[in-house]
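One structure below.
Model, not experiment: these values are computed from the prediction. Just so you know, residue 1 is the first one in the sequence shown, and it goes up from there. What's counted below: heavy atoms across the whole structure, side chains too, no hydrogens, waters or symmetry copies.
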Amino acid sequence: MRVLIAWEMGENFGHVTQIVNIAEALENRGADIYLCLKSPGTMKLFENNFRHHLLQAPHTVSGPYNVINYPDELRNIGYDSPDTLVSLIKNWQHIFSTVKPDVLLTEAAPTALLAAKECSFVRAAFGRGYSIPPLSVPMPSMHFWK
């Protein structure tokens, strides 16, 4: 089984620590692991003994927009421009056609999920509240203390 794990937004190492744990567990079960990360260099900071293929995730920075909720966060990663978003989606689709995954796992990678919408492989998102916001209208503020 070939598993592509994607990360495209966010700045801290919490994303990578989750990815490393899941990738190691899947590799121990015989999966071929492809990591497509916003910051591939962060892998150097983690001791790991599993084998993986490391790729650069398509991403961009727009804005800066004042981030109040998840849609604001999306504007900061290219969703404020249709041309930029189309380009990011095409880049993800190129990765999918090159890697040919059986499974796509995403951690803070909404554009990868969007690009995979019509693909036949299994797709799933994992993460904490930041990576998987609640389905509510209106979306809650990320500044819960205000």
Q.
Is any side-chain heavy atom of Leu55 closer than 4.5 Å to one of Leu37?
A. no
Q. Do the non-hydrogen side-chain atoms of Ser141 and Asn69 ever get within less than 4.5 Å of each other?
A. no
Q.
Once rounded to the nearest 0.5 Å, what's the spacing between atom OG1 of Thr106 and atom CG of Leu113?
A. 3.5 Å
Q: Examine Val103 and Leu54 and state if one hydrophobic cluster contains both, with Ile, Leu, Val, Met, Phe, Trp and Tyr joined whenever side-chain heavy atoms are less than 4.5 Å apart.
A: yes
**Q.** Criterion side chain to side chain contact (heavy atoms under 4.5 Å, CB included) against Tyr34, the qualifying member of Thr98, Val99, Leu104
**A.** Val99
(Q) Test side chain to side chain contact (heavy atoms under 4.5 Å, CB included) on Ile19 and Phe126; report intermediate values, then the result. (A) CA-CA 9 Å; Ile19 289 168; Phe126 65 93; 4.0 Å; yes
Q) What is the distance from atom CD of Gln18 to atom CD1 of Ile5, rounded to the nearest 0.5 Å? A) 11.0 Å
Q | Residues Val3, Asp102; criterion side chain to side chain contact (heavy atoms under 4.5 Å, CB included); working and verdict | A | CA-CA 6 Å; Val3 179; Asp102 298 304; over 6 Å; no
Q | Shortest non-hydrogen contact between Trp92 and Ala6, atoms and distance | A | CH2-CB, 3.5 Å
Q: May I ask you to test the Asn28-Leu26 pair for a side-chain heavy-atom distance under 4.5 Å?
A: no
Q: Kindly give the heavy-atom pair with the smallest separation between Ile22 and Leu105, and that separation in Å.
A: CG2-CD1, 4.0 Å
Q) When hydrophobic residues are tied together by side-chain contacts of less than 4.5 Å, even through go-betweens, does Phe121 share a cluster with Met1? A) no
Q: Evaluate whether atom NE2 of His94 has more than 12 neighbouring non-hydrogen atoms of other residues, nucleotides or ligands under 6.0 angstrom away.
A: no
**Q.** Minimum-distance pair of heavy atoms, taken over all atoms of Ala115 and Gln93
**A.** O-NE2, 3.3 Å
**Q.** Distance in Å, Cys36 SG paired with His59 NE2, rounded so as to fall on 0.5 Å steps
**A.** 10.5 Å
Q) Looking only at heavy atoms, what is the nearest atom pair of Arg123 and Lys117, with distance? A) NH2-O, 3.7 Å
Q: For Lys90 and Ser87, indicate whether the former's side chain and the latter's backbone hold a donor-acceptor pair under 3.5 Å.
A: no
Q) Can you find a pair of side-chain heavy atoms, one from Ile95 and one from Leu4, that are under 4.5 Å apart? A) yes
Q) Should Met139 and Met9 be counted in the same cluster of Ile, Leu, Val, Met, Phe, Trp and Tyr side chains packed under 4.5 Å apart? A) yes
Q.
Once salt bridge (charged side-chain N to carboxylate O under 4.0 Å, His left out) is applied, what residue pairs with a partner in residues 25-43 remain, sequence neighbours excluded?
A. Arg2-Asp32, Glu11-Lys38, Glu27-Arg51
Q: Step by step, work out the side chain to side chain contact (heavy atoms under 4.5 Å, CB included) result for Leu114 and Ile89.
A: CA-CA 7 Å; Leu114 181 60; Ile89 288 170; 3.6 Å; yes
Q: Answer whether the closest heavy-atom distance between the side chains of Leu74 and Pro110 falls below 4.5 Å.
A: yes
Q: Provide the full list of side-chain hydrogen bond (donor to acceptor under 3.5 Å, both in side chains) pairs with a residue in residues 73-82, sequence neighbours left out, each pair given once.
A: Ser62-Asp80, Tyr65-Asp80, Tyr79-Thr111, Ser81-Thr84
Q) Does some side-chain heavy atom of Asn91 sit less than 4.5 Å from a side-chain heavy atom of Phe96? A) no
**Q.** Ile77 vs Glu8, side chain to side chain contact (heavy atoms under 4.5 Å, CB included): CA-CA, chis, key distance, verdict
**A.** CA-CA 9 Å; Ile77 64 163; Glu8 69 181 273; 4.1 Å; yes
